Amino acid sequence: MIIRETDLKDNPATNSSTLPVSNFIRNIIEEDNRVGKWSGRVETRFPPEPNGYLHIGHAKSICLNFGLARDYNGICHLRFDDTNPEKEEQKYVDSILDSVRWLGFDWGKHLHYASDYFDKLYEFAEDLIHKGKAYVDDLTAEEIRALRGTLTEAGKNSPYRERTISENLDLFRRMKAGEFADGTHVLRAKIDMTSPNINLRDPVIYRIRRAHHHRTGDKWCIYPMYDYTHCISDALEKITHSLCTLEFEDHRPLYDWVLDQLKDVVLCHPQQIEFARLNLTYTVMSKRKLIELVEGGLVDGWDDPRMNTLAGVRRRGYTPESIHLFAERIGVSKADSWIDMSILEDCLREDLNERAPRRIAVLDPLKVVIDNYPENSEEECFAPNHPQKSEWGKRVVPLSKIIYIECNDFMEIPSKGYFRLSPGVEVRLRYAYIIKFVNVVKNVKGEILEIHCTYDPETKSGTVGAEKRKVKGNIHWLSAKHAQQARVRLYDRLFLHAHPDAGGGDYKASLNLHSKKIITAYVEPSLNQVQPEERFQFERHGYFIADRQDTEPGKPVFNRAVTLRDSWGKST
Ligand code: ATP
Ligand code: MG
């Protein structure tokens with residue numbers, strides 16, 4: 001099922017932009033608070049693994065976890081789940097911190113790393129051995145897999161399962177001391193090889209890996225597994241509601257099992273609650289695939305404005321507010337679904353429609369000479385900075401004899417219903433005069449070089465009587481001698497198909513080869529001094545942002561964040 005904007009508009013629960021929309025997790029928290037389960041405490045966490053940049057799916061989880069903490073006077077931790085040293089790097093930690101901050105959330109002093117708990121995790125593993133709840137296994141990974149059984153077939157016990165406590169302790173200590181080669185021994189929880197839930201068939205909780213860890217260096221040669229680490233980290237931080245995506249539902253019995261075994265030493269037992277992950281059309285959401293796009297040179301890095309990473313959408317021009325609006329609008333549920341990209345794009349349009357000052361840009365210029373306009377003369381025209389916000393004032397847009405209009409605002413032989421400039425048809429130059437076509441000048445190849453018009457001096461916008469003469473077309477323009485050149489990158493969706501990785505096919509085959517077009521355009525003179533990350537609506541075109549990396553004083557570079565209307569799949 002794909003959810004589109006129209007579906008959500010029909011749903012009154014998603015229409016409020018002020019009150020948080022209720023959902024099943026809020027209901028659980030409210031019930032917990034009513035019965036005093038956590039004494040009113042709400043403590044959540046966002047637990048990324050620092051093995052890539054965050055993507056828009058993570059934003060759903062961030063907005064959920066930090067949003068709940070905000071709304072219930074609670075706390076949200078940011079915890080790096082860094083148990084996999086081969087894939088994790090400091091640069092990913094830095095980018096994650098940056099993205100969460102950019103979204104406007106503050107973890108205060110609650111910045112944690114699972115690696116901070118390595119000593120405790122080790123101690124608890126010995127505790128499990130003492131309790132007869134863990135054992136060292138000498139089987140290889142393949143042998144363990146072979147004995148694990150299947151969904152329909154029970155697993156078989158390892159021949160090492162019945163080792164004595166002291167033998168297990170000795171072996172585990174020697175694993176830690178580096179006496180064994182990588183992959184030769186593991187520590188496994190002793191649960192039940194016949195459990196219908198495969199996660200409970202004696203899962204591995206420690207393995208030997210001689211890998212340099214981005215924080216603990218070479219201190220450890222054994223590393224705890226995710227399932228074992230995660231629940232204990234939550235408990236040590238006294239998390240109340242541990243929110244994760246649906247694929248962890250089958251891991252919940254293991255989460256609870258570990259904490260139940262350790263209940264005399266770890267006093268808190270958080271509640272794991274699963275929700276549906278965000279699936280967004282026209283993107284791929286897994287970090288592994290995003291890494292492939294970056295490393296394969298298929299995009300211009302992690303923050304390529306076409307990427308659905310938070311660094312990418314930021315550079316594209318998305319605002320934190322538009323992401324919050326999106327997270328609120330899509331809501332939180334237990335049912336997996338697909339969210340249509342247009343919902344995300346509409347959230348940005350809605351936000352920027354309110355907040356972005358209007359400016360004029362001519363992206364595909366056509367030179368127009370106004371024959372009866374005095375040579376060497378110029379005058380000021382006034383354009384509102386926002387059509388609905390008169391308090392934002394007006395700015396001066398200079399007019400002179402030679403102007404640029406958009407190529408597609410002129411048609412020599414107009415098609416039916418075409419109201420812009422064409423022979424015999426008058427149009428208004430927005431904020432200025434009505435002009436009338438005179439003739440067109442072409443080169444030998446028949447290409448248009450310039451067109452000539454006349455203007456009616458009695459029709460200047462904002463002057464008495466100017467509006468008396470009505471014309472259907474209203475086009476934008478820039479004075480040629482005042483306009484500034486700017487590099488503009490027109491971005492489109494990165495993938496051509498709604499579900500690029502459907503059916504396990506090669507998502508790269510669905511890449512949109514025309515998703516980036518770089519042009520030199522003309523913009524208003526004031527935009528020459530634009531600040532990085534300033535956003536504007538270029539009238540009739542869309543929303544644009546001054547690129548945060550490439551914009552320099554006097555050399556603006558704009559990225560198109562989104563067009564004014566959803567034109568995907570329609571010819572323009
Ligand atoms: P990926 O599959 O993209 O590699 P991940 O789940 O491995 O993502 P983590 O760094 O482990 O990435 O995720 C941190 C948190 O973000 C987890 O709690 C995870 O459930 C949540 N999360 C990841 N992807 C999504 C998504 N698409 N929608 C909602 N939450 C997500
Ligand atoms: Mg993960």
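None of the values given here were measured: they were computed from a predicted structure.
For Tyr113, the ring-ring contact (aromatic ring centres under 6.0 Å, His included) partners at least two apart in sequence or on another chain are Phe80. Residues meeting the ring-ring contact (aromatic ring centres under 6.0 Å, His included) test with Phe172, sequence neighbours left out: Tyr122, Tyr206. By the salt bridge (Lys or Arg N to Asp or Glu O under 4.0 Å) test, Asp119 is found to be paired with Lys219, residues two or more places apart in sequence or in another chain being considered.
For the 3.5 Å distance criterion, the side chains of Ser22 and Asn27 qualify, holding a donor opposite an acceptor. For Asn197 and Asp250, the side-chain atoms include no donor-acceptor pair closer than 3.5 Å. Of the N and O atoms on the side chains of Glu49 and Tyr226, not one donor lies less than 3.5 Å from an acceptor on the other residue. Residues Gln272 and Glu274 have side chains that bring a donor and an acceptor to within less than 3.5 angstrom of each other.
The side-chain heavy atoms of Asp256 and His269, taken from C-beta on, include a pair separated by under 4.5 Å.
Enclosure of atom NZ in Lys263 is not indicated, since only 12 or fewer non-hydrogen atoms of other residues, nucleotides or ligands lie within 6.0 angstrom.
Residues Asn157 and Leu147 come closest through the heavy atom pair O-CD1, 4.0 Å.
His324 has its ring centre no less than 6.0 Å from the ring centre of Phe66. Aromatic pair Trp220/His213: ring centres not closer than 6.0 Å.
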query: Given the rule in the salt bridge (charged side-chain N to carboxylate O under 4.0 Å, His left out) test, do Glu350 and Arg329 qualify, once you have shown the distances and angles that lead to the verdict?
result: CA-CA 12 Å; Glu350 252 180 77; Arg329 191 161 283 173; 2.8 Å; yes

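The aromatic rings of Trp302 and Tyr53 sit parallel, their planes meeting at an angle under 30°, below the 60° perpendicular limit.
Of the listed residues (Ser333, Cys244, Ser61), just one forms a side chain to side chain contact (heavy atoms under 4.5 Å, CB included) with Phe275, and that residue is Ser61. When each of Arg188, Arg148, Arg161, Lys190 is paired with Asp202, the side chain to side chain donor-acceptor pair (under 3.5 Å) condition holds for Arg161 and for no other.
For the pair Arg493 and Tyr282, the cation-pi test (distance below 6.0 Å, angle within 45°) is passed.
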